[in-house]
Protein chains: 2
Amino acid sequence: MNEKIATIEDVAHHAGVSIATVSRALHKPNVVSETTREKVQTAIAATGYTANVMARNLRLNRSGMILLLVPDIGNPFFSAILSGIEKGASQAGYNVLIGDTQNDPDREATYAAYLRSNQADAMILLNGRLPAPLANAPANATPPVVIACERIPGCALPTVIIDNDEASFIATRHLSDLGHTRIAHVSGPSDNILTTDRVAGYLRALKTAGIQHDPALIYRGDFSIDSGIAAGRALLADPKTRPTAVFCASDGMAIGVIVAAKEYGLRIPQDLSVVGFDDIPHAAAYDPPITTVRQPRRRLGEQAITLLLERLGAKPPFEKNDKGPVIVPTELIVRQSSGPCPKA
Amino acid sequence: MNEKIATIEDVAHHAGVSIATVSRALHKPNVVSETTREKVQTAIAATGYTANVMARNLRLNRSGMILLLVPDIGNPFFSAILSGIEKGASQAGYNVLIGDTQNDPDREATYAAYLRSNQADAMILLNGRLPAPLANAPANATPPVVIACERIPGCALPTVIIDNDEASFIATRHLSDLGHTRIAHVSGPSDNILTTDRVAGYLRALKTAGIQHDPALIYRGDFSIDSGIAAGRALLADPKTRPTAVFCASDGMAIGVIVAAKEYGLRIPQDLSVVGFDDIPHAAAYDPPITTVRQPRRRLGEQAITLLLERLGAKPPFEKNDKGPVIVPTELIVRQSSGPCPKA
DNA sequence: ATTCAAAATGAAAACGTTTACACAAGGCAA
DNA sequence: TTGCCTTGTGTAAACGTTTTCATTTTGAAT
């Protein structure tokens, strides 16, 4: 019962063979004879040997790690995406290392350096920004990187996204179809590509419906409940200019708007229709249950890891998809927070 | 512009020194002369050298990884804990590798083997169960493992938890103080130590208040919204036996109970008081805002990583705590989902 | 028996570091 | 001058694997 951890040499010694044979017995069983294979197996059992992964990785010049860059791991929105990625990666024998960048470019750069220093074999970006070291990389050899969630304009790397413009269009059209003409939009931070796309879809739907766009009806939030409350208070304060419907770029903000609406004594959806985005679990259990755009988050993660594994030459665990940016479909889930426009 | 990644040897060559000197210039700057140090620095800049972390780790026999075992990474409850751990770990130069066990003992064992195979230096358990390889470990040398969230009875490893019994006691007492005598409890899965502790606190509070315990008023859920809805339907169906207050072991279940209560036309809190557990962000924005026990989740993560870094001999980034299981304080947040017992 | 291909094995190099040890140069006291 | 400590540097071993290449063993065909 020696405390020292057994190495391949201990196994070799114990089995009376060379370390090369032990290694082969493990990784190329067909090339080693039946009898020695058994000897090695018993020796492994006897010594309690576990391969030192670091030594192997050094030799093979790989790390078995996939680095996942997330702006904020504390944000539950990413949980399901994460889960999908982790599932696929672990099936392919990879581990997922999560890098919480906190939207700090320095931290992004630090993590991106993991690729160079062999700490990670590949990377998935959930943060919608190309880390500096990558942006400067030579164009001839594309790094093993996949972008998910937010497309990066002008970046040729494999990408998996939802069609934010279209999803936003459909959600807004749902409201105009209900007869609403004063439809507000609570968007995300202005430097966010999601915001741009969703605002575009919103405006397109207004135009299609022949509704004149009122710039005062767009409020910039940050996806949080609190910013939704602020948006609601701002948009609903004046009964004269008050919209009859609000389309929010996140469910959290939709909840916030409803909280604010109740402060003003407005009933949902009789006095005000509210539509969210994401379909987080709480959207269905809210009072009233929230009409929202469902984002297939786990699916998004699965597609991202699939793209990456393809790129790495491993066999992807999920169904493959065509070339070009992969677009996972969204779905408008109509619940009780949206209804016909009240008579004036 | 050679595509090959620069090694320490390239740097040494470029600077006209030995690789040993380069290594020393990086890690023991005071032992190398000013002039060579500069030569090395320029050589590093010229070659774009980044140390191969795997080679270093092999040599140093460490991995720089802290393995975090989570039952389900898709569950947002863990997000904030995660965030606290990640912050502390990265400050101490460690990376956090998240292992999603999906409550599968096999996966737990697989991940626990990372410790042996040098893929991880230490481990934090969020899943309330000791992986098999650890349970069989020799008692003399305790592995670098910290347990968080759920205590493991009879396990001497460093642990950081909340006082579930006491928190539950206080929440229940809050209801009895409001005059309620028929107080139901929606608990978690029965094999969960959290459940045991919270039920105990609930019963203790009833006893203290001189309330006769009715076993029919305990419902087993699984912390999810859906199980809360089921609990609410079961407990509230019969107006004759209906409780006037429900204490739930999670906010999700509290929301579920409220959803069910509204189905029966019950007003919260006039007809029914509901108290939750965790204080997730949505609890405050629900209608009505939910009275709940706040779990300092980020704090919990911080304490866990602190304990672990202490164990590893690194200097902990957060304030140290005394010996014994660390107990992070909870707080009863009284909002509008709980009120006086209605007159009969 | 002899020969030869096939099969199985071992010796040793390589992966890129860190560090113990040896050594050279320089300064200072005798 | 000699000796000796100090300071800086280089040489080479070590970390635990995988894999190339050479060598041995096997077994069948002559």
Side-chain angles (χ1 to χ4, degrees), chain A residues 2 4-41 43-44 47-65 93 113-121, chain B residues 2 4-41 43-44 47-65 93 113-121:
Chain A
N2 198 339
K4 188 112 179 51
I5 273 189
T7 76
I8 198 174
E9 193 168 359
D10 301 329
V11 177
H13 211 250
H14 194 280
V17 298
S18 76
I19 60 170
T21 302
V22 175
S23 177
R24 277 187 292 248
L26 288 172
H27 303 293
K28 314 193 163 133
N30 49 323
V31 88
V32 63
S33 82
E34 176 73 24
T35 60
T36 41
R37 215 162 37 199
E38 281 168 4
K39 274 192 296 183
V40 168
Q41 285 304 340
I44 287 180
T47 54
Y49 168 72
T50 326
N52 182 323
V53 177
M54 227 138 40
R56 159 186 299 154
N57 286 347
L58 172 59
R59 179 59 227 253
L60 298 180
N61 194 35
R62 53 159 261 161
S63 66
M65 287 283 173
Y114 281 28
L115 278 186
R116 283 188 65 76
S117 59
N118 284 44
Q119 274 196 94
D121 298 337
Chain B
N2 199 338
K4 189 108 178 55
I5 273 189
T7 77
I8 197 173
E9 194 169 359
D10 300 328
V11 176
H13 211 251
H14 194 280
V17 298
S18 76
I19 60 170
T21 302
V22 174
S23 178
R24 276 187 292 249
L26 287 172
H27 303 293
K28 312 193 166 137
N30 49 322
V31 87
V32 64
S33 82
E34 177 75 22
T35 60
T36 41
R37 215 162 39 198
E38 280 168 3
K39 274 192 296 184
V40 169
Q41 285 304 338
I44 287 180
T47 54
Y49 168 73
T50 325
N52 182 324
V53 178
M54 228 139 40
R56 158 187 298 154
N57 286 347
L58 171 59
R59 178 60 228 254
L60 298 181
N61 195 36
R62 53 160 259 161
S63 66
M65 288 283 173
Y114 281 27
L115 278 186
R116 282 188 66 77
S117 59
N118 284 46
Q119 274 197 93
D121 297 338

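- Rounded to whole angstrom, the span from the NE2 atom of B/H13 across to the P atom of C/dG16 amounts to 15 Å.
- Nearest to the side chain of A/Y49, among D/dG10, C/dG10, D/dT17, sits D/dT17.
- Nucleic acid contact class of B/S33 (heavy atoms, under 4.0 Å, all strands): sugar-phosphate only.
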Report each atom pair, protein N/O against N/O of nucleotides 21-23 of chain D, whose distance is under 3.5 angstrom.
none

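- A sub-4.0 Å separation between OP1 or OP2 of D/dG8 and a side-chain N or O of B/K28 is absent.
- The one candidate from A/T36, A/V40, A/V31 that meets the side-chain contact (heavy atoms from CB on, under 4.5 Å) condition with A/R24 is A/V31.
- Note on residues 28-41 of chain A: pairs passing salt bridge (charged side-chain N to carboxylate O under 4.0 Å, His left out), not counting sequence neighbours, are A/E34-A/R37.
- The phosphate of D/dG10 (OP1 or OP2) has a side-chain N or O of B/T21 nearer than 4.0 angstrom.
- Regarding B/Q119, its CD atom lies at a distance of 17 Å from the C1' atom of D/dC15, rounded to whole Å.
- Using a 4.5 Å cut-off on side-chain heavy atoms (C-beta onward), A/N61 and A/N118 make contact.
- From A/T50, atom OG1 reaches atom CD1 of A/I5 across 6.5 Å, with rounding to the nearest 0.5 Å.
- A/M65 approaches B/M65 most closely through the heavy-atom pair CE-CE, 3.7 Å.
- Among the atoms of the strands shown, only primed sugar atoms or phosphate atoms (P, OP1, OP2) are found under 4.0 Å from some heavy atom of A/L60.
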Check your understanding: Step by step, would you call B/T21 with B/S18 a side chain to side chain contact (heavy atoms under 4.5 Å, CB included)?
Key -> CA-CA 5 Å; B/T21 302; B/S18 76; 3.2 Å; yes
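- With rounding to whole Å, B/L58 atom CG is found 13 Å from C/dT19 atom P.
- Taking atom CD of B/E9 as the reference point, atom P of C/dA14 lies 11 Å away to the nearest angstrom.
- Mapping A/I19 and B/H27 onto DNA chain C by nearest heavy atom places A/I19 at the nucleotide closer to the 5' end.
- B/D10 has its CG atom 9 Å from the P atom of C/dT17, to the nearest Å.
- For the pair A/T36 and C/dA8, the criterion of a side-chain N or O lying under 4.0 Å from OP1 or OP2 is not met.
- Distance B/R37 CZ to D/dT7 C1': 13 Å, rounded to the nearest Å.
- When side chains are defined from C-beta on, B/V17 counts as touching B/V22, because their heavy atoms get closer than 4.5 Å.
- Put simply, CD1 on B/I5 is 10 Å from P on C/dG16, counting in whole angstrom units.
- Residue contacts shown for B/N52 are limited to sugar-phosphate atoms, with no base heavy atom under 4.0 Å away.
- B/N57 approaches B/S63 most closely through the heavy-atom pair ND2-O, 3.2 Å.
- Residue B/V53 is classed as having no contact, given no heavy-atom separation below 4.0 Å to the nucleic acid.
- For A/A55, the side-chain atoms get nearest to D/dT17 when compared with the rest of C/dG16, C/dT17, D/dT17.
- Distance, A/R56 CZ to D/dT17 P: 8 Å, rounded to whole Å.
- At a threshold of 4.0 angstrom between heavy atoms, the contacts of B/T7 are confined to the sugar-phosphate backbone, with no base atom among them.
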